[in-house]
Amino acid sequence: MTAPLLIRGATIVNADRASSGDVLCVEGRIAAVGASAASQAPAGTTTLDGSGQYLMPGGIDPHTHMQLPFMGTVTMDDFFTGTAAGLAGGTTSIIDFVIPDPQQPLMEAFRTWRGWAEKSAADYGFHVAVTWWSEAVHRDMGTLVTEEGVNSFKHFMAYKNAIMCDDETLVNSFRRALELGAMPTVHAENGELVYLLQQEVAKMGITGPEGHPLSRPPMVEAEAANRAIAIADVLGVPIYVVHVSCIEAADAIARARARGQRVYGEVLAGHLVIDDSVYRDPDFARAAAHVMSPPFRPSGHQEHLWRQLQAGNLHTTATDHCTFCAAQKAAGREAFAKIPNGCGGIEERLAVIWDAGVNTGRLTPSEFVAVTSTNTAKLFNIYPRKGLIAEGADADLVLWDPQGSKTLSAKTQHSKGDFNIFEGRTVRGIASHTISRGKLVYANGDLRAEQGAGRYVKRPAFGPQFDAVARRAKELAPTAVAR
Ligand code: URP
Ligand code: ZN
Ligand code: ZN
């Protein structure tokens with residue numbers, strides 16, 4: 001059993017306000033918040049001094065890939081090493097992805113991923129990808145929502161000949177998601193265009209990583225984002241666009257929202273601060289280490305993404321943590337299209353966003369909490385259990401030292417990858433302590449992550465919000481003309 005923990009004297013920051021007081025954690029939950037918390041501490045309570053620091057809800061990363069079999073290999077980080085790295089940076093929950101092979105039953109893939117995730121050191125949930133369509137997929141989506149706590153389904157519009165889903169699948173799956181009160185999400189890139197451009201770029205004699213962004217220009221992302229948004233609009237279902245990387249896709253979301261459509265956008269820490277010059281690095285390993293999809297964009301896109309995050313047209317920040325080492329990336333030495341797509345970042349996300357967001361005045365500390373934790377908890381229906389410091393919530397917390405600083409590097413990271421896309425970046429504002437379910441799991445560089453301590457978090461289906469959307473769709477339906 002974990003001893004009760006009292007955090008004293010920190011500024012408590014929630015998405016809606018900041019206050020001062022103490023926070024008492026007992027048996028994995030927040031038992032009391034405020035001036036009276038100390039007086040309720042039972043015998044044997046451990047005290048942590050938070051003075052001069054911010055106490056915030058632990059980060060929730062809505063987009064990770066631990067132990068993912070992808071492009072002929074498997075990611076370096078498994079559910080233990082990846083979630084442990086997250087805890088070292090203040091992230092206490094992840095939502096990972098179950099990705100069935102085409103024709104594989106969704107439930108079979110779900111059970112496989114549940115097994116892999118048992119070693120997680122932090123709490124976790126799953127989005128489930130719909131990679132093909134059949135009556136069985138329709139049925140399994142229902143089972144996942146009603147019995148297994150899945151309330152979001154992922155659709156890869158890219159990765160042709162692998163996990164890409166066609167429009168028929170998109171339409172069927174979006175409609176089924178609406179019926180079930182689940183959120184459809186999309187990786188928005190036009191896979192046919194990517195496939196064609198990969199061949200054309202190769203024909204031009206470009207075989208190195210610099211060919212990767214050429215084969216996936218912003219319009220390829222914008223086309224898919226616009227298409228998915230339009231399909232969702234016609235069906236009257238909300239939609240969440242993952243890893244929005246460019247002006248054109250962010251603007252598609254902003255336009256739809258201005259029309260009153262429920263569209264939500266996620267942006268990666270990497271896409272906010274890194275530009276496409278990384279692909280022109282003469283060192284193959286360094287350039288290939290940045291190959292992910294969508295790619296890093298020309299300078300100018302990053303500032304636009306920040307503005308849309310500030311404006312409320314992008315809602316969550318994630319990492320798409322998906323680590324491959326240099327030996328794995330070398331599979332694409334002769335052909336950029338064969339470089340396994342993916343980069344890390346789960347450990348660095350909060351510090352990078354604080355440093356580039358709060359220290360620059362783009363975000364207030366409360367807005368930081370919203371985009372790193374609370375909005376994800378709300379959008380995926382685990383709020384107020386997660387994403388909030390309040391009595392009864394899970395005791396997932398990060399004590400944040402705004403003056404603490406460190407230089408990010410592969411040499412010091414906890415992630416198993418051998419590369420860090422933020423290498424050499426010095427950040428001010430870091431996690432000093434992380435508390436997961438009431439237990440101190442990280443303290444000033446000392447990581448005490450425990451294999452298997454994380455729990456699967458069921459996410460219930462959405463109720464009234466979805467009903468409202470469906471009603472509006474019906475109201476707009478043209479009345480039949482009697483002849
Ligand atoms: O390059 C990426 N993003 N790899 C992981 C799979 C995905 O597209 O999210
Ligand atoms: Zn993706
Ligand atoms: Zn991903």
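Both counts, for ligands and for their atoms, begin at 1 and track the order of listing. Heavy-atom basis, side chains included; hydrogens, waters and symmetry copies ignored. The chain is numbered in sequence order, starting from 1.
- Closest to atom 1 (O) of ligand 1, if we only count protein heavy atoms, is S293 N, 2.8 Å.
- If you look at N341 next to ligand 1, the close heavy atoms, those under 4.0 Å, come from the backbone and the side chain alike.
- Checked against the 6.0 Å centroid criterion, the rings of F153 and H127 do not qualify as a close aromatic pair.
- Distances below 4.0 Å separate heavy atoms of G342 from the following atoms of ligand 1: 1 (O), 4 (N).
- For H433 and Y442, the distance between ring centers is not under 6.0 angstrom.
- Between the S366 side chain and the N14 main chain, a donor and an acceptor come within less than 3.5 Å of each other.
- A side-chain donor-acceptor contact under 3.5 Å links T73 and Q328.
- Of all heavy-atom pairs spanning I339 and A288, the tightest one is CG2-O, 3.9 Å.
- Screening D96, D320, T75 for a side chain to side chain donor-acceptor pair (under 3.5 Å) with H65, the sole residue that qualifies is D320.
- H155 and S173 share a donor-acceptor pair across their side chains, judged by distance under 3.5 Å alone.
- For Y159, the heavy-atom gap to ligand 1 drops under 4.0 angstrom.
- When only non-hydrogen protein atoms are considered, atom 3 (N) of ligand 1 lies nearest to D320 OD2, 2.6 Å.
- Among the atoms of K154, none of the N or O lies under 3.5 angstrom from an N or O of ligand 1.
- The side chain to side chain donor-acceptor pair (under 3.5 Å) check on H243 picks up H187, with sequence neighbours excluded.
- Using modelled atom types, one finds a donor on one side chain and an acceptor on the other under 3.5 Å when comparing T169 with D166.
- The ligand atoms of ligand 1 that sit less than 4.0 angstrom from a heavy atom of M292 are 1 (O), 3 (N).
- By the criterion of a separation under 2.8 Å, the protein N/O/S atoms near the Zn ion (ligand 3) amount to H63 NE2, H65 NE2, D320 OD1.
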